[in-house]
Amino acid sequence: MKPIEGVMTQTNAPRGIDPDSLFFVQVDATKCEACGTCEEHCATGAIQSINEEGIHQVVDPAACMNCGQCLVNCPYDAIYEGVSYVDEIFEKLKDPNTIVVSMPAPAVRYGLGECFGAPTGTYVGGQMHAALRQLGFNYIWDNEFTADVTIMEEGTELIQRVKEQGQKDARPLPQFTSCCPGWVKFAETFYPDLLPNMSSCKSPIGMLGPLAKTYGAEETHTPAQKIYTVSIMPCIAKKYEGMRPEMADSGFRDIDATIDTRELAYMIKTAGIDFNALPSQGPDPILGDSTGAATIFGNSGGVMEAALRLAYEVLSGQKLNNPDIKVVRTHEGINTADVKVPNFGTVKVAVASGLQNAAKLCDEVRAGKSPYHFIEIMTCPGGCVNGGGQPVDPEIRAS
Ligand code: SF4
């Protein structure tokens, strides 16, 4: 079996611990060649040289945004994850008294195939659903369902904020997106004064966890305490998000476990499943349906594009003939656009990919000089498709 780089196999999934005290990524000093690539990819200086040989280490877990960009860009495979639920999930899948629910994110289905020999970016959503069933998950409630819910909520909030400007107690503009946990932690740490600008919406997985244990439990006549929810993400920071103490709106832990794309591939290989021979299958109903707007969440600009589609139709009262708002799609840097909305005027938007770029837009907002209504920020360059939990590009290890 070909190993999956960056995957640790021992269970180390602490409960009830402040996630800010945990090392979600760490450097293996025996492999570190002191090249400094990790420092280049760290937006917050959380990873630094610690001795004369230049060996690197994450020096402060609270300053680490857990994005994992250091891990996927290290040429020497010297960075590993510090928290894994894989062994615990295998145990839960064997337990007849536990109903195990899988909740895969949009970008996972564009990264997973690479672990099984497909070209980068190949869509393998159908086989992913089939593999989850073969692994023994009782339900596949797809995170794309709540990506759509996020858009309805976040787009509606944007419309409300725009309309209430000039009124007493109006919430501030620009509104920031709130679905990327690396960005949310960055704002909490470095720009706490801008939190009123953050959308009040949870991320898609932040919504799906409690829905699984309330609506999903009710619809399937399953006691909520028997449900074990597994978030499957392109992302290491989502492990941090799942552990946040406030993620317990269902009356239980909303998200019991989080794994990333690499770990899902590891589980499929460990179970001996022939991934490439799997038929294409869909998710389970109840919390499984979604639209194309959910899928584009995986790319930088995708959340913005989906929210603008909603805002355009509500503000103008007109149908958007072409739903592609390509001008907001971006793979690097900062992208800005003026979107003309009939009967309203111009909606000014910005999309930032990477936290250094986020800081530039935040400084502008802090100085009262931001012209935008809505700003999307994703920690990983190009968005979640390039997340820290995705397969490692073999060319990076070869460089
Ligand atoms: Fe996670 Fe996506 Fe944010 Fe990267 S951009 S930290 S993958 S949510």
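Note that ligands are numbered from 1 as they come in the structure, with each ligand's atoms numbered from 1 the same way.
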Q.
Just checking: C180, one of its N/O/S atoms, less than 2.8 Å away from atom 3 (Fe) of ligand 1, yes or no?
A. yes
Q) How close does the nearest protein non-hydrogen atom get to atom 1 (Fe) of ligand 1, and which residue and atom is it? A) C235 SG, 2.3 Å
**Q.** atom 2 (Fe) of ligand 1: the protein heavy-atom neighbour that sits closest, reported with distance to 0.1 Å
**A.** C384 SG, 2.4 Å
Q. If you measure from the Lys or Arg side-chain nitrogens to the Asp or Glu carboxylate oxygens, is any gap between E241 and K238 under 4.0 Å?
A. yes
Q: Note the single closest protein heavy atom to atom 5 (S) of ligand 1, along with its residue, its atom name and the distance in Å.
A: C380 N, 3.3 Å
Q. Looking at G387, which atoms of ligand 1 are within less than 4.0 Å of one of its heavy atoms?
A. 7 (S)
Q.
Can you list everything that forms a side chain to side chain contact (heavy atoms under 4.5 Å, CB included) with P285? Sequence neighbours excluded, please.
A. none
Q.
Quick check on contacts: which atoms of ligand 1 are under 4.0 angstrom from a heavy atom of P181?
A. 8 (S)
Q | Closest non-hydrogen atom pair, V72 against Q390 | A | CG1-O, 3.9 Å
Q. Are T346 and D338 close enough that a side-chain donor and a side-chain acceptor fall under 3.5 Å?
A. no
Q) Under 30°, 30 to 60°, or over 60°: which ring-plane class applies to W183 and F186, parallel, tilted or perpendicular? A) tilted
